[in-house]
Amino acid sequence: EGRLALLDKAHEYAQRSIELCPIASDAFDIRARASYAKAAIKQDLEQPKATLDAAWAEATRDIEQAVDTLVEKPAPLLVMLGRARLALGDAEGAEVPLLTAVRAQPDQESHWAAFYTYATKTRRFDGIGIAVRDAIRNIPTSDTKSQAMLNSWLALISENGVKDLDAAE
């Protein structure tokens, strides 16, 4: 409960900053992150569905406004947007920001994990499969750490998602 109160304060201060200076993109970013964290905590606390839906709707709205305001679209915000939309049951709307995030930062395993969670929950593996194959082609072979991580995701997707065991080997 203390964490929610602190996040409410952060959200309130960010909102005030936006009202005072509507071009303050950092304030939109902070408000979005506070909204997302509040929704995630409420979900962890297993609050009622109506409360969760309202929290995720607020997070989605705040993240969309932040993404629209920021010149550079930070991939972590896009991942949050995908997760928030998925929490609201918007599978179609969740995929695009997740795909954009992994394309922007293909070396970030947490982005792939979020996209994989989306794919397993929705049983939609085509987008992540194409994205991981593209990333493998585009990441230099000298970046062995990223290549290993991406090939591990490809194997997992192939084995658990599309059941293409030949691709998983």
Side-chain angles (χ1 to χ4, degrees), residues 7 28-30 32-47 49 51-169:
L7 289 166
F28 283 94
D29 186 19
I30 292 166
R33 291 172 191 270
S35 291
Y36 179 85
K38 288 190 318 183
I41 289 170
K42 289 176 181 181
Q43 184 168 316
D44 289 345
L45 294 173
E46 298 180 358
Q47 293 196 353
K49 182 175 177 1
T51 301
L52 288 176
D53 285 350
W56 284 119
E58 177 183 58
T60 299
R61 183 187 65 246
D62 288 349
I63 296 166
E64 286 171 345
Q65 287 178 351
V67 168
D68 289 345
T69 303
L70 297 166
V71 175
E72 286 193 32
K73 312 301 184 211
L77 268 185
L78 294 170
V79 169
M80 286 183 226
L81 181 57
R83 286 178 171 163
R85 286 179 176 170
L86 185 59
L88 289 171
D90 181 7
E92 294 279 330
E95 187 171 23
V96 171
L98 292 167
L99 180 59
T100 305
V102 296
R103 285 186 173 154
Q105 293 182 322
D107 59 340
Q108 293 299 309
E109 187 155 14
S110 61
H111 301 347
W112 290 104
F115 203 172
Y116 183 76
T117 298
Y118 158 84
T120 56
K121 285 184 177 180
T122 62
R123 304 303 303 156
R124 295 171 173 222
F125 287 91
D126 290 346
I128 192 172
I130 291 167
V132 77
R133 285 179 178 88
D134 288 347
I136 289 168
R137 276 193 300 277
N138 294 326
I139 296 259
T141 54
S142 60
D143 184 351
T144 55
K145 180 180 174 191
S146 294
Q147 283 290 342
M149 181 262 302
L150 291 167
N151 277 283
S152 294
W153 281 113
L154 179 59
L156 187 65
I157 293 160
S158 296
E159 185 175 333
N160 298 324
V162 294
K163 303 294 184 201
D164 181 359
L165 296 179
D166 291 331
E169 292 178 355

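- Counting only heavy atoms from C-beta outward, the side chains of Gln108 and Pro76 never approach each other to under 4.5 Å.
- Contact detail for Thr117 and Thr120: the closest heavy-atom pair is O-OG1, 3.0 Å.
- Taking the side chain as every heavy atom from C-beta outward, Arg124 and Glu92 approach each other to under 4.5 Å.
- Glu64 and Arg85 are joined by a salt bridge, as a carboxylate oxygen and a charged side-chain nitrogen come within less than 4.0 angstrom of each other.
- In this structure, Ser110 and Val79 have side chains that are not in contact, with every pair of non-hydrogen atoms separated by 4.5 Å or more.
- The heavy-atom pair separating Ala32 from Ala66 by the smallest distance is CB-CB, 3.8 Å.
- Among the candidates Met149, Glu159, Arg133, the single residue satisfying the side-chain contact (heavy atoms from CB on, under 4.5 Å) test with Leu154 is Arg133.
- One N or O on the side chain of Gln147 and one on the backbone of Ile136 form a donor-acceptor pair closer than 3.5 Å.
- Considering CG of Leu86 and OG1 of Thr60, their distance stands at 10.0 Å, rounded to 0.5 Å.
- Considering OH of Tyr36 and CD1 of Ile63, their distance stands at 7.5 Å, rounded to 0.5 Å.
- Rounding to the nearest 0.5 Å gives a distance of 12.5 Å between CG of Asp44 and NZ of Lys42.
- Using a 4.5 Å heavy-atom threshold, the side chains of Leu70 and Phe28 count as separate.
- Nearest approach of Trp112 to Ala135, heavy atoms of both residues: CZ2-CB, 3.9 Å.
- Note that NZ of Lys49 and CG of Asp53 are 3.5 Å apart. Values are rounded to the nearest 0.5 Å.
- Contact of the Leu98 side chain with the Val102 side chain is not registered, since no non-hydrogen atoms from C-beta on lie closer than 4.5 Å.
- Relative ring orientation between Phe115 and Tyr118 is described as tilted, the plane-to-plane angle lying within the 30° to 60° band.
- Considering CZ of Arg61 and CG of Leu81, their distance stands at 13.0 Å, rounded to 0.5 Å.
- When all heavy atoms are compared, the tightest approach of Ala101 to Leu78 is CB-CB, 4.0 Å.
- Between Tyr116 and Trp153, the two ring planes are tilted [angle within 30° to 60°].
- Using a 4.5 Å heavy-atom threshold, the side chains of Asp29 and Leu77 count as touching.
- To the nearest 0.5 Å, atom CG of residue Leu52 and atom CD of residue Glu46 are 9.5 Å apart.
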